Amino acid sequence: MCLKRIFGLGLLLGFALSSQFSFGQEPDAKKASQRKNVLFLISDDLNTRIGCYGDPIVQTPNIDRLAARGVLFENAACQYPLCGPSRNSMLCGLYPDTTGIHGNAQIFRDSIPERWSLPQAFRLDGYFAGRVGKLYHYNVPKSVGTNGHDDPASWELELNPAGCDRLIEEPDIFTLRKGAFGGTLSWYASPRPDEAHTDGMLADDASWVLERCAKRNGRPFFLAVGFYRPHTPYVAPKEYFEPYKLEDMPLFDNVEEDNADVPAAALLSKKKEQDLLNDELRRQAIQAYYASTTFMDAQVGKVLDTLKRTGLDKNTIVVFTSDHGYFLGEKGLWQKQALFDKVAGVPLIIAEPGRTEGAIAKSPVGLVDLYPTLAELCDVPTQKLMQGQSLVPMLRDPSQAGRGYSMSMVARNDRQTKQRYYGYSIRNERYRLTLWDDGKRGTELYDHQNDPEEFTNLAHGERKNDPNNAKVIRELTEKLKAEMANGMPASGKRTEYKVGNWNPMLRIDN
């Protein structure tokens with residue numbers, strides 16, 4: 001890190017950590033030292049193909065060791081399998097129908113400007129709130145090094161490093177569509193070391209902030225660290241590619257049979273350029289995704305090591321998650337914007353010092369649950385409306401069922417009729433039910449006890465008339481529609497997104 005960079009960070013962080021509370025009050029040092037800190041780690045486009053979730057190939061030793069000292073939520077889900085809607089939902093504690101955000105490049109201040117974000121609520125209660133990297137939506141990779149579609153009211157400190165993957169290597173990256181990287185399958189085995197890459201710089205910056213939080217401990221902190229990998233382009237130092245042999249990369253050769261009972265709406269996330277893939281390119285893409293995942297995991301390890309070295313681990317709640325899952329060729333699909341388990345599902349680990357360690361919670365939960373959970377754990381006041389549940393009872397006893405289900409959604413556009421419709425999916429511990437346009441464009445039911453890969457749609461053809469399947473469809477449809485209603489604003493209509501309402505307000509009274 002150059003001297004100019006260190007000096008700039010020092011000015012920023014020194015101001016943030018020495019400033020008064022948002023309410024103009026002097027911090028109570030004794031009270032502050034007793035309050036729990038939060039380290040919020042989030043990856044980009046990471047599915048559950050990682051070690052602690054049982055994957056036999058992908059190496060994630062640092063995420064695995066975090067799981068060993070916390071609670072792993074086996075069936076966690078995002079609320080919308082696309083970066084912008086998912087992150088805004090998570091950081092607002094509201095479903096996308098209430099945030100009004102169903103696309104990227106949007107920020108909730110344009111639709112619900114009065115809402116306190118999760119870090120804003122902590123900031124309003126006297127916490128130092130800082131961000132390193134991506135928390136809200138960014139156009140990756142073009143927005144790397146900028147604030148992206150960020151929310152200034154959420155943070156006192158914002159650090160946006162840009163590494164060789166953004167500034168130097170783009171001409172060397174292989175891509176299925178020339179000049180396109182963020183939304184297109186693209187990858188590169190870099191000859192440059194960890195610390196030259198954006199995620200490596202993020203880990204260094206996060207460690208730097210933690211060291212100063214440890215030295216200036218008059219205020220508790222909420223530090224969010226948003227890694228970019230394994231989002232496309234899958235760029236990582238070449239040594240992370242070496243453990244993954246191309247011949248070992250898993251391919252899916254039963255796509256036509258698998259999709260025979262799937263509604264057309266469920267498969268609309270496929271992109272035209274993906275037709276260019278052959279088996280060799282598929283293996284290369286999967287290898288690069290795995291390498292990027294392991295590279296990101298190494299950066300998580302650096303931050304966790306700093307937390308422990310500074311002694312902050314004794315009083316810091318650590319969260320690790322992703323904004324949504326990801327397909328790597330299953331059902332012939334890649335990337336996101338689908339409502340199958342591999343895309344809606346996310347890794348989620350919460351490690352609270354001195355509490356439950358190495359436990360697995362099986363009952364489904366959602367990213368929308370993180371806001372009320374962290375607020376309760378840290379005794380932080382919030383606004384009244386919360387559409388997520390607190391996971392504190394499950395953290396205390398992972399066998400607790402909680403709500404017992406999660407809901408995810410995605411929008412589709414019918415180009416012929418120029419109409420938008422929606423898919424909604426509900427997941428309980430055994431089944432996933434998905435309705436496309438309230439069932440008019442198709443219904444899916446998968447039994448995860450007997451069919452964890454969601455190969456057989458029990459709501460298709462004669463299977464839907466089976467008495468047990470019909471009963472499950474009926475009961476889950478009723479529960480899904482109730483949750484859809486709960487996920488709407490009080491008006492009963494989706495919040496409309498309108499550009500121009502944005503206001504970087506810090507506080508609006510409840």
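Numbering of residues begins at 1 and proceeds along the displayed sequence. Every heavy atom of this structure was used, including side-chain atoms; hydrogens, water molecules and symmetry mates were not. If you're wondering where the values come from, they're calculated on a predicted model, not measured in any experiment.
- The CG atom of N139 lies 7.5 Å from the CG atom of N104; values are rounded to the nearest 0.5 Å.
- A pairwise comparison of heavy atoms in M296 and R229 identifies CG-O, 3.5 Å as the closest pair.
- A side-chain donor-acceptor contact under 3.5 Å links S186 to the backbone of F181.
- The closest donor-acceptor contact from the side chain of R432 to the backbone of R427 lies at 3.5 Å or more, if one exists at all.
- Checked by atom type and distance alone, the side chain of D369 pairs as donor or acceptor with a backbone atom of Q389 at under 3.5 Å.
- Aromatic pair Y422/H102: ring centres closer than 6.0 Å.
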Handout entry: L374/V380 under side-chain contact (heavy atoms from CB on, under 4.5 Å): CA gap, chis, key distance, verdict
Key = CA-CA 8 Å; L374 293 173; V380 168; over 6 Å; no
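- Contact between G133 and Y138 at its shortest, heavy atoms only, is O-OH, 3.5 Å.
- At distances below 3.5 Å, not a single donor-acceptor pair connects side-chain atoms of H149 with backbone N or O atoms of I107.
- A distance of 6.0 Å or more separates the ring centres of F40 and F320.
- A donor-acceptor pair under 3.5 Å is formed between the side chain of T232 and the backbone N or O of G182.
- Annotation: side-chain hydrogen bond (donor to acceptor under 3.5 Å, both in side chains) contacts of Q79 (sequence neighbours excluded): none.
- Side chains of D110 and Y497: a donor on one and an acceptor on the other come within 3.5 Å.
- Remark: K336 is not positioned above the aromatic ring of F327, lacking an NZ or CZ atom under 6.0 angstrom from the ring centre and at most 45 degrees off the axis.
- Between I286 and P250, the shortest heavy-atom contact is CD1-O, 3.1 Å.
- Judged by distance alone, with hydrogens and angles left aside, the side-chain atoms of S43 form no donor-acceptor pair with the main-chain N or O of L46 at under 3.5 Å.
- Under the 3.5 Å distance criterion, with hydrogens and angles disregarded, no donor-acceptor pair is assigned to the side chains of S363 and Q400.
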Problem - Audit row: L124, W116, side-chain contact (heavy atoms from CB on, under 4.5 Å) steps and yes/no - result: CA-CA 9 Å; L124 292 172; W116 301 354; 3.6 Å; yes
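- For the pair E429 and K362, the salt-bridge criterion is not met [side-chain N within less than 4.0 Å of a carboxylate O].
- Taking the six-membered ring for Trp and thresholds of 30 and 60 degrees, H197 and F295 have ring planes more than 60 degrees apart, a perpendicular arrangement.
- How far CG of L82 is from OG of S269: 11.0 Å, rounded to the nearest 0.5 Å.
- Not a single side-chain hydrogen bond (donor to acceptor under 3.5 Å, both in side chains) links Q337 to another residue, sequence neighbours left out.
- Under the 4.0 Å criterion applied to side-chain N and carboxylate O atoms, R131 and D150 are assigned as salt-bridge partners.
- Of the N and O atoms on the side chains of E242 and Y240, not one donor lies less than 3.5 Å from an acceptor on the other residue.
- Remark: the backbone N or O of V346 is not paired with any side-chain donor or acceptor of N47 at under 3.5 angstrom.
- No side-chain donor-acceptor contact under 3.5 Å links T294 and Q59.
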Handout entry: Test salt bridge (charged side-chain N to carboxylate O under 4.0 Å, His left out) applied to R65 and E357, step by step
Key = CA-CA 10 Å; R65 67 176 162 116; E357 294 186 352; over 6 Å; no
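- For the atom pair OH of Y446 and CZ of F340, the computed distance is 4.5 Å after rounding to the nearest 0.5 Å.
- Between T99 and S89, the shortest heavy-atom contact is CG2-CA, 4.2 Å.
- Salt-bridge check for E114 with K384: failed, with every basic side-chain N at 4.0 Å or more from each acidic carboxylate O.
- Taking every heavy atom of both residues into account, L312 and L210 meet most closely at CD1-O, 3.3 Å.
- The structure places CD of E211 at 7.5 Å from OG1 of T310, a figure rounded to the nearest 0.5 Å.
- Side chains of N160 and T146: a donor-acceptor N/O pair is absent below 3.5 angstrom, by distance only.
- In this pair, Y234 and W187 present their aromatic rings parallel. The plane angle is below 30°, not in the 30 to 60° band.
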Exercise for the section: List the steps, then state whether salt bridge (charged side-chain N to carboxylate O under 4.0 Å, His left out) holds for K342 with E454. Expected result: CA-CA 9 Å; K342 290 291 189 296; E454 298 182 331; over 6 Å; no
Practice task
For the pair R35 and D125, evaluate salt bridge (charged side-chain N to carboxylate O under 4.0 Å, His left out) and give the outcome as yes or no after the intermediate values.
Solution key: CA-CA 11 Å; R35 301 198 73 180; D125 200 40; 2.6 Å; yes
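- A salt bridge between D379 and K36 is absent, with no side-chain N of the basic residue lying under 4.0 Å from a carboxylate O of the acidic one.
- Proximity of a side-chain donor or acceptor of D297 to a complementary backbone N or O of N62 within less than 3.5 Å is detected.
- Using a 4.5 Å heavy-atom cutoff, the side chains of L39 and V319 are not in contact.
- When the options L223, D204, L157 are evaluated for a side chain to side chain contact (heavy atoms under 4.5 Å, CB included) with V132, the one that passes is L223.
- Outside the 6.0 Å centre-distance limit, the rings of F221 and Y127 are not counted as a close aromatic pair.
- Between I63 and P347, every side-chain heavy-atom pair lies at or beyond the 4.5 Å cut-off.
- A donor-acceptor pair shorter than 3.5 Å can be found between the side chains of Y136 and S154.
- Y405 and E483 form a side-chain donor-acceptor contact under 3.5 Å, judged by distance and modelled atom types alone.
- In this structure, S86 contributes its side chain and C83 its backbone to no donor-acceptor pair below 3.5 Å.
- Taking 4.0 Å as the cut-off between side-chain N and carboxylate O, R87 and D323 count as a salt-bridged pair.
- Salt bridge D151/R109: present, at least one basic N to carboxylate O contact under 4.0 Å.
- Shortest non-hydrogen contact noted between I57 and Y244 is O-CE2, 3.4 Å.
- Using a 4.0 Å cut-off between charged side-chain N and carboxylate O, E352 and R396 make a salt bridge.
- Checking Q299 against D194 by side-chain atom types alone, a donor-acceptor pair falls below 3.5 Å.
- Here N37 contributes atom CG and K314 contributes atom NZ; the two are 12.5 Å apart, rounded to the nearest 0.5 Å.
- For N428, the side-chain hydrogen bond (donor to acceptor under 3.5 Å, both in side chains) test picks out no residue, with sequence neighbours left out.
- The CD1 atom of I360 lies 5.5 Å from the CG atom of L72; values are rounded to the nearest 0.5 Å.
- Residues R49 and Y289 bring no donor and acceptor atom of their side chains to less than 3.5 Å of each other.
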Exercise for the section: Step by step, work out the side-chain contact (heavy atoms from CB on, under 4.5 Å) result for L328 and W334. Expected result: CA-CA 5 Å; L328 292 172; W334 294 78; 4.1 Å; yes
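- In this structure a side-chain-to-backbone donor-acceptor pair under 3.5 Å is present from T495 to T98.
- Between W155 and F222, the ring planes are tilted. Angles from 30° to 60° get that label.
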